[in-house]
Enquirer: 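Handing you this structure, nothing more for now.
Atoms within a ligand are numbered from 1 in the order they appear, just like the ligands themselves. It should be emphasised that the depicted structure is a prediction, and the values quoted were computed from it without experimental measurement.
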Amino acid sequence: MRSRRLPVAHKVTDLEISMSLIVQKFGGSSVADAEGVKRVARRVVDTQKAGNDVVVVVSAMGDTTDELLDLAAEVTSNVTPSRELDMLLTAGERISTAILSMAINDLGAKAQSFTGSQAGMITDGVHGSARLVEVNPDRIRESIEAGNIAIVAGFQGMNRQSGDITTLGRGGSDTTAVALAAALNADVCEIYSDVDGVFTADPRIVPTAHKLDTVTSEEMLEMAANGAKILHLRSVEYARRFNLKLHVRSSFSNLEGTIVIPEESAELTPTHLKEIPLEQPLISGVAHDRTRAKITVVGVPDVPGSAAKVFGLLNEAKVNLDMIVQNVPTDRPGVTDISFTLDQAQGPTALKALEDAKAELGFQEVIYNESVGKLSLVGAGMKTNPGVSFTFFEALSAAGVNIDMISTSEIRISVITELSKLDEAVRAVHTAFGLDAEGEATVYGGTGR
Ligand code: ASP
Ligand code: MG
């Protein structure tokens, strides 16, 4: 095992200082154009010059992935996950790794670019949302041992059985970085984007949102699962499982970002402990999500087994459900309405599965609504504070926001509202919990696409 950073109190002699291995991941907005690529190259070279081994994971330049999807849509009406679509999309990351390596070499340092499969990212065969089954970064290790900076294409892997190239799902480069950092036993994994860290809300909606210095991985998981786009959900799960510290920061500034602490980790070093706030703040942030849709199955017979049938067939259709609510309408005895939320992208699949089983299930109709937004308040401190839900609902009420559905976990309250009211609701809740900062947050780049 590599030597970890020493406790602060320990006297460090020159001999004891060991080299760190740092994995740095740069998102698309950080490498949007040649200028951006050169800026990232300088930063990476500086990190190496400071005495570190560096492995870089990079996303496709700017909005390349979306542009490739648009291009696909111009030649086919069926842009769904497939072997060919993965071949197309992985080209984006291939461009950015090669171009970044060239920029680093131009600065007089040595870099080598690698595709996901060359870097040993082995996945299952599910195109468009492949899961890592194995990470063998032997070539990356050799490359850095030879003094190179290794540049790895994010978001892609290879399935061993088929030999085909796969992608890990949108935003998957974070997961590539975390998985590599874990496999290489890196000291830290730095995730660079166009904002200074993890904020109490999306600064594009709440300009007075403030950066968190630390956040626990438990809170980060809830935020990422509920729409915060700063980190890919799977990367947070992965980092938590492997007890890896993440540093989320901006590639446009030298400011310290947010440390995501794997708080339930078995081997906390003194450095880790120093970063855990003694008293958890009540709330760590307000997340929002515009990608949800709501389905209501109206007039389902109110007998045992009805819900099991509905959810059984949605499960068969591989539809992931989010919130679920069942209501017995007082004006229609003997029947019940079942509502749930899901990803808009799965809407057509869910509707078809339900319509196909209409006779068998005996319901009256299905209502589909994409004009919904989800707002989630997240904070480990709410576990022990009964006043949180009161403040939350009072803020929504004062803002005139109607609540459609509610769900909770130990450290989260979520509501579904009308989409047109979502931004206002986010700002109202953010203010009600005293999260507003004095000044406005900086968003350096990105089109928010
Ligand atoms: N380029 C891919 C995307 O836009 C992967 C990533 O950025 O992490 O989803
Ligand atoms: Mg991207």
Side-chain angles (χ1 to χ4, degrees), residues 23-33 36-37 40 55-73 79-82 84-100 113-117 119 121 123 126-132 135 151-158 165-181 189-195 198 202 220 224-225 227-239 246 248-252 260 289-291 343-345 443-449:
V23 174
Q24 299 186 319
K25 180 259 168 177
F26 294 92
S29 56
S30 296
V31 291
D33 52 17
V37 171
V40 166
V55 174
V56 176
V57 173
V58 67
S59 295
M61 294 172 71
D63 290 331
T64 301
T65 310
D66 289 303
E67 286 156 13
L68 291 171
L69 282 165
D70 292 347
L71 177 62
V79 187
T80 47
S82 66
E84 307 316 318
L85 189 64
D86 277 354
M87 281 298 268
L88 177 70
L89 297 185
T90 51
E93 269 69 13
R94 196 153 171 162
I95 293 171
S96 48
T97 50
I99 212 81
L100 178 59
S113 55
F114 296 91
T115 63
S117 68
M121 312 301 292
T123 71
V126 184
H127 287 291
S129 53
R131 296 209 154 241
L132 289 165
V135 181
I151 315 289
V152 180
F155 147 81
Q156 53 181 268
M158 188 193 80
I165 299 304
T166 54
T167 59
L168 309 181
R170 297 304 307 269
S173 300
D174 292 347
T175 299
T176 303
V178 170
L180 265 179
C189 181
E190 298 182 333
I191 309 278
Y192 286 90
S193 74
D194 55 3
V195 289
V198 179
D202 184 342
M220 197 61 237
K229 290 194 221 80
I230 186 88
L231 284 174
H232 196 225
L233 175 61
R234 278 163 57 193
S235 73
V236 186
E237 289 169 347
Y238 210 102
L246 301 181
V248 183
R249 59 195 307 192
S250 166
S251 70
F252 295 81
V260 183
D289 192 346
R290 299 177 202 286
T291 67
D343 191 343
Q344 282 169 14
V443 178
Y444 298 92
T447 58
R449 215 183 141 171

Enquirer: Of all the atoms in ligand 1, which lie at a distance below 4.0 Å from a heavy atom belonging to Arg170?
Expert: 3 (C), 4 (O), 9 (O)
Enquirer: Tell me whether Ser30 contacts the main-chain N or O of Phe26 through its side chain, where contact means a donor paired with an acceptor under 3.5 Å.
Expert: no
Enquirer: Kindly confirm or rule out an N or O of Asp174 lying under 3.5 angstrom from an N or O of ligand 1.
Expert: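 By distance alone, the answer is no.
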Enquirer: Side chains of Arg170 and Asp66: closer than 4.5 Å at any heavy-atom pair?
Expert: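 Yes, close enough: below the 4.5 Å cut-off.
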Enquirer: Please confirm whether Glu93 comes under 4.0 Å of ligand 1, counting heavy atoms of the residue only.
Expert: yes
Enquirer: Please could you name the atoms of ligand 1 that Ser59 approaches to less than 4.0 Å, counting only its heavy atoms?
Expert: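 In order of numbering, the contacting atoms are 6 (C), 7 (O), 8 (O).
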Enquirer: Just so I know, are the side chains of Phe155 and Val57 near enough to count as touching, which here means a heavy-atom distance under 4.5 Å?
Expert: no
Enquirer: Is there a nitrogen or oxygen of Thr65 sitting under 3.5 Å from a nitrogen or oxygen of ligand 1?
Expert: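 The answer is yes, given that Thr65 and ligand 1 share an N or O pair closer than 3.5 Å.
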Enquirer: Are any of the heavy atoms in Gly154 under 4.0 Å away from ligand 1?
Expert: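 Under 4.0 Å: no for Gly154.
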Enquirer: Do Ile95 and Met61 have side-chain heavy atoms sitting under 4.5 Å apart?
Expert: yes
Enquirer: Are Arg249 and Glu190 ion-paired here, with the side-chain N under 4.0 Å from a carboxylate O?
Expert: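 Result for this pair is yes, salt bridge flagged.
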Enquirer: Determine the sole option in Val248, Ile191, Leu246 for which the side chain to side chain contact (heavy atoms under 4.5 Å, CB included) test with Val198 is passed.
Expert: Val248
Enquirer: Looking at ligand 1, would Gly171 count as a contact under a 4.0 Å heavy-atom criterion?
Expert: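 Judged by the 4.0 Å heavy-atom criterion, Gly171 does count as contacting ligand 1.
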